[in-house]
Amino acid sequence: MDFIQSIDWMQILRCFIVAGIICIIGQILIDKTKLTPARTLVIFVTTGAILGGIGLYPKLIEFAGCGATVPLTGFGANLAKGALEEVSSNGLIGAFIGGVKASAGGIAAAVFLGYLASLISKPKIKKQ
Amino acid sequence: MKKIGSQTISLDIPVNILETASIVGPKESEGPLANFFDRCLDDEFWGEKTWEKAESKIIKETVNAVISKSGIPMQDIDFCFAGDLLNQCISSSFGLRELNIPFFGVFGACSTFVESICLGSVFVESGAATNVLCATSSHFCSAEKQFRFPLELGNQRPPTSQWTVTGSGAVILSKTGEGPFITNLTPGKIIDMGIKDANNMGAAMAPAAFDTLITHLNDTGRKPSYYDAIITGDLGHIGKDILIDLAATKGINIKNNYNDCGVLIFDKTTQDTHSGGSGCACCGTVFSGYFYKQLKEKKINKILLIATGALMNSTSSQQGESIPGVAHAISIEC
């Protein structure tokens, strides 16, 4: 009961709405433009990095939590954040090191879990 | 055999379509034409390890089926014309490597079915062959993997995209028989109107279908109403509408007797394939399964079959090239 009571329902709603809006933008890009999924992905990551770099994205993360960090834009913002931090502690070389360092956990987990999934599953036909 | 008009070949001795066979995948088996196919598979792997192997097995078994249905011994089939969509046409060459029939690999993308029949008909009519086998195949999964994205990526298909038909169609052309007969061939020119979207093939191929249709009608002096049905291979819903509109600009009304195999093979409302079917097997299975039987039973007597092909590959798409289209037509009459 304590756990349920400790949940900030407004926070979850904000998270849901912000992540939903980001996904709606992606859906519009798929349906209304000729962008390939790969390009859409790159647009999301770079937009996140730019917004992160100029300090806007951290405000969104503060507002929506996982609703802002889980979508691809959050990955971009994380790259920017890591690069900026590393630059301030290590100088210009940090621009190359920081981004990947900050997102190392996510990248390694994606590679490792992707590998695991490929061992135990087989691709299937789409439903639609 | 002689050339009439600008690019049509009129066969003096019409070539008999002795037999056809078709095998389709699970999605096609749920479609409105399911009952017309010889065999419906419930698994897109068909017990094989890869989709490419499955596609080879599908064309192999379709060819075996058409030969056994025709009742003529294997050694009496003089030549085989076959092709598919995979790089270097491996479905056909791997699937038919144990066939022991002289083999011509044909690539015309989704127009391969009719292209093979055009070539085979010329062989039969000229006396170079008595019986010729023509076959083609495609597979949704192997085609998506090669031309678009890996299925593991799980990305969405845009609304204009078409669903590559899993299956194979095969025919045996013969010098003698009771028909239906192939009477005219109109090989098409390559037409490129600058469409670059690999997810909108119908729009890329419709101008080629239009060019071949108009040329065929001019060369033969026929009107669209001469045919009980004018059938395109895989323009899908979007391409079909474009072709009707293009024809209307020339004052030709094809609304009454025109349809497309990609529109017929799936149910638009219950099967969410977006813009309909496509692929070599689209025209191949719908003709071999459905239209051949309609012709045999004399429910229709004259059809103009126009198979459409998009002549791009994955490299040309990545380099932003436009998609050249081609369409080959044959008239089949009872």
Side-chain angles (χ1 to χ4, degrees), chain A residues 16-49 66-67 69-76 78-79 103 106-128, chain B residues 25-30 41-46 48-52 54-55 139-145 147-166 195-200 203-204 266-275 314 317-318 320 322-323:
Chain A
F16 181 79
I17 289 170
V18 169
I21 289 171
I22 293 172
C23 293
I24 287 171
I25 295 169
Q27 190 66 51
I28 291 170
L29 289 178
I30 290 173
D31 287 350
K32 297 291 171 196
T33 71
K34 300 203 182 305
L35 290 170
T36 59
R39 287 186 180 179
T40 312
L41 181 151
V42 172
I43 288 171
F44 270 70
V45 174
T46 39
T47 306
C66 282
T69 56
V70 172
L72 278 167
T73 41
F75 177 66
N78 196 30
L79 287 174
S103 37
I107 296 170
V111 172
F112 178 68
L113 295 173
Y115 177 68
L116 272 190
S118 76
L119 290 179
I120 58 170
S121 56
K122 201 173 176 185
K124 284 202 178 82
I125 194 166
K126 290 177 183 183
K127 292 291 169 208
Q128 61 172 31
Chain B
K27 186 131 186 154
E28 296 70 24
S29 312
E30 293 163 7
L41 307 175
D42 53 12
D43 166 27
E44 62 273 6
F45 279 103
W46 203 1
E48 296 292 326
K49 210 177 165 194
T50 66
W51 295 313
E52 290 74 13
E55 188 177 335
H139 193 299
F140 173 80
C141 299
S142 62
E144 283 290 304
K145 180 175 161 183
F147 289 98
R148 295 174 190 96
F149 292 97
L151 286 166
E152 293 91 322
L153 190 60
N155 68 295
Q156 290 181 36
R157 300 166 57 250
T160 54
S161 66
Q162 292 173 244
W163 187 280
T164 306
V165 168
T166 302
I195 301 278
K196 291 185 175 180
D197 186 357
N199 279 311
N200 195 356
F266 296 118
D267 187 319
K268 192 174 167 59
T269 49
T270 60
Q271 294 182 291
D272 193 1
T273 56
H274 299 346
S275 190
S314 49
S317 292
Q318 283 162 8
S322 56
I323 302 171

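Fair warning: this is a prediction, and the values are worked out from it, not measured in the lab. Protein chains get the first letters and strands the later ones, always in sequence-line order, with residue 1 at the start of each.
- Within 6.0 Å of the CZ atom in F149(B), the count of heavy atoms belonging to other residues, nucleotides or ligands exceeds 12.
- Shortest non-hydrogen contact noted between F45(B) and K122(A) is CZ-CE, 3.6 Å.
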Under 3.5 Å donor-acceptor pairs involving side-chain atoms of residues 30-37 of chain A, not counting sequence neighbours:
| unit_1 | atom_1 | unit_2 | atom_2 | d |
| --- | --- | --- | --- | --- |
| D31(A) | OD1 | Q27(A) | NE2 | 3.4 |
| D31(A) | OD2 | Q27(A) | NE2 | 3.4 |
| T33(A) | OG1 | L29(A) | O | 2.4 |
| T33(A) | OG1 | L35(A) | N | 3.3 |
| T36(A) | OG1 | R39(A) | N | 3.3 |

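- No other option in E144(B), E44(B), E152(B) has as many heavy-atom pairs under 4.5 Å with chain A as E44(B).
- Proximity of a side-chain donor or acceptor of K126(A) to a complementary backbone N or O of N155(B) within less than 3.5 Å is detected.
- With a threshold of 4.5 angstrom between heavy atoms, K196(B) does not approach chain A through any atom at all.
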